[in-house]
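Quick notes on the structure that follows.
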Amino acid sequence: MVAFVLVLIGMGYAVITSGSASATSPATANSALIAQGRNLFVEDCASCHGLFAQGVSGQAPGLIGVGAAAVDFQVSTGRMPLAEDSAQADRKPPHLSPAQTRAVAAYIQSLGGGPPIPSAAQVSTSGATVGLGQQLFVANCAACHNFVGAGGALTNGKYAPALTQSTPTQIYEAMLTGPEAMPVFNDLTITPQEKRDIIAYVTTVRAEPNPGGFSLGRVGPVTEGLVAFLGLLLFMVLAALWITAKHGKAHE
Amino acid sequence: MSDTNSPGLPGAGDPGDTSWPEYLTSGESHGTGAGETEGRAIPHRVIGTPPPGASRTMLAGQGDGGAEPPAVRELPADSDNPAQARKVEKVIAACFVLAMLAGFGFLVAYSIIGVGSLTAVLHSNLALGGLLSIVFLLLGIGATLWVRHLMPDVERTEQRHPMASTPAEKAAFKETFTEGAEASQFVKRPIIRRTLIGATIPLAIAPLFLLRDLGPLPGTTLDTTVWRKGLRLIVYGTGRPITAAEFNSPGSIISVGPEGYLDDDDAMAKAAVTIIKFRPGELVFGPRSRPGGPSAPNLVVPNWTVDNIVAYSKICTHLGCPAALYEQTTHHILCPCHQSTFDATKGAQVIFGPATRPLPQLPIGVDAQGYLIATGPFNEPVGPSFWERS
């Protein structure tokens with residue numbers, strides 16, 4: 001048992017040090033980027049997260065150690081800066097440009113630790129196995145995000161967003177960092193190659209042919225059945241009213 | 001009977017005469033319908049008897065000695081507004097013509113659209129169903145227009161003859177039945193009667209034997225899963241075992257199955273498990289488990305966890321859906337089918353929804369290589385309640 005705990009500690013340490021090492025080296029190489037990021041952070045983020053990203057109790061979490069990937073996900077999807085204090089931040093056009101987002105991410109990364117932004121090669125779906133991605137997606141993601149990534153409801157106003165607009169980088173970052181209510185899928189549990197498979201499934205399934213007609217969100221028989229039920233009900237009621245209506249005073 | 005007779009009164013010789021007067025005068029009141037021209041109730045009248053001409057004619061007394069007055073219609077034979085009626089007539093005829101064309105179209109579509117391919121079947125279904133729907137819809141619209149615009153809007157009440165048979169008829173039936181029964185000798189020859197009844201018994205109990213085809217009884221198979229001590233937890237999809245060191249990010253969840261059974265759908269239907277990693281201090285521990293004893297309700301069994309990793313059955317205790325929606329911020333496990341919500345930090349106790357029992361916790365540990373393994377089977381049946389569940 002002692003040996004196991006030691007192994008555990010050792011591996012955890014290895015993970016942390018390797019993560020921060022690979023992340024801080026490009027960051028330190030560009031201190032100007034970090035300085036720009038700090039200025040942007042003070043302008044756009046510090047009012048909630050605190051001047052030193054230390055967080056404000058009851059208002060916003062501290063960002064030290066969350067990593068560049070979390071920053072890139074939240075800012076590039078437009079979720080941060082937050083529009084309003086609601087159950088969940090909605091996707092919206094991003095406030096910062098991609099370059100500005102990278103600067104803020106570099107600043108947060110420089111504060112220490114956390115997963116970095118995945119490179120383009122890391123999220124490339126070329127050579128990915130869509131079938132395995134589907135298996136993993138169905139077992140671990142579809143419960144909330146729906147089989148084709150259409151999203152779904154959670155509790156108290158929270159929801160799993162649709163994945164129809166997510167970029168491969170954003171999908172990767174979401175799995176890595178677990179934004180909001182989403183659980184974390186780290187690179188040891190779901191390897192980078194398996195994450196690429198999942199991304200390949202999510203992006204492939206979007207290209208499935210649309211048979212046309214009213215899609216009703218394409219979330220399956222629930223909306224279709226509801227619409228058919230209500231539509232037919234309305235039709236039957238109107239038909240019954242028309243058939244039984246008195247016809248003026250034609251036959252007094 | 002003549003025209004001036006009280007309408008509807010039957011002749012004196014009617015076999016059911018005792019009930020007629022009460023029937024006709026039994027306090028029935030008619031509303032003043034649209035067809036009642038003189039502001040009083042239409043007299044009761046039995047279909048088939050002459051119309052109550054006297055009550056309808058405006059020229060009272062003309063019938064005495066004069067020629068027979070022209071029969072007064074109860075229902076107008078033509079519309080009040082002939083011009084509009086002609087217009088409606090054309091619309092109705094158009095509906096019926098279109099219905100006829102759609103009907104021919106149905107026949108044509110049936111004969112020319114094949115069902116050789118999936119696409120052809122789709123087209124055939126669309127054409128046949130659509131055209132048949134049009135036929136019936138147009139017939140219905142035409143009939144409704146006809147009734148509403150051309151037929152008179154007059155309410156009529158048809159008096160019904162008493163339903164009971166007369167005593168004479170009853171006596172005659174009884175006599176016929178008795179004679180028939182005696183002539184058949186069904187009563188007199190018991191051996192025929194009894195063997196006939198015996199011959200039908202197997203047919204009567206045959207449906208009981210069909211119950212056997214519902215399949216073998218589940219026996220005790222619902223009580224247990226394939227999980228047993230030493231089986232590794234295999235990540236569903238990747239097919240790899242997983243170590244506690246790999247599954248080290250708080251807020252993680254992953255679906256796993258028992259080693260060697262991931263492709264066995266029957267086994268996985270009960271054995272699917274989710275493992276969740278928590279931050280230190282988030283779990284609310286109950287007492288340690290006793291061997292074979294029940295787990296503490298609504299609390300995490302501490303010696304069934306590894307480094308704040310807990311394994312719960314993925315099968316909802318309500319109706320068996322995969323309860324795998326996990327909010328890492330609230331630690332709630334949701335079932336997508338009926339919104340049962342379980343608190344993963346407190347032994348997956350039910351905090352909302354129709355489920356009545358917590359998700360069973362699987363005892364887990366680590367083997368010599370550090371992989372997560374089951375340290376025993378579930379100590380209660382997983383999934384929904386069933387009749388024999390102890």
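We use all heavy atoms of the structure for the numbers below, so side chains are in, but hydrogens, waters and symmetry mates are not.
- Of the atoms belonging to B:Ile141, heavy atoms from both backbone and side chain fall under 4.5 Å from chain A.
- For the residue pair A:Thr155 / B:Glu327, a side-chain donor-acceptor distance below 3.5 Å is found, with atom types taken as modelled.
- Listed options B:Arg240, B:Lys277, B:Gln339, B:His331 were ranked by heavy-atom pairs under 4.5 angstrom with chain A; first place goes to B:Arg240.
- Contact count versus chain A (heavy atoms, under 4.5 Å) is highest, among B:Gly239, B:Cys335, B:Ser249, for B:Ser249.
- Panel note: side chain B:Gln328, backbone A:Gly178; a donor-acceptor pair is recorded below 3.5 Å.
- Proximity to chain A (any heavy atom under 4.5 Å) is restricted, for B:Ile242, to the side chain, taken from C-beta onward.
- Heavy atoms closer than 4.5 Å to chain A are found nowhere in B:Ile275, neither backbone nor side chain.
- In this structure, the portions of B:Ile254 lying under 4.5 Å from any heavy atom of chain A include both its backbone and its side chain.
- Proximity to chain B (any heavy atom under 4.5 Å) is restricted, for A:Ala153, to the backbone atoms N, CA, C and O.
- Applying the side chain to side chain donor-acceptor pair (under 3.5 Å) rule to pairs touching residues 310-320 of chain B yields B:Ser255-B:Lys314, B:His318-B:His338, sequence neighbours excluded.
- In this structure, A:Asn186 contributes its side chain and B:Phe247 its backbone to no donor-acceptor pair below 3.5 Å.
- Looking at B:Thr274, neither its backbone nor its side chain comes within 4.5 Å of chain A, counting heavy atoms on both sides.
- Of the two parts of A:Ile243, the backbone and the side chain both hold a non-hydrogen atom closer than 4.5 Å to a non-hydrogen atom of chain B.
- No part of A:Gln134 comes within reach of chain B, as not one of its non-hydrogen atoms sits under 4.5 angstrom from that chain.
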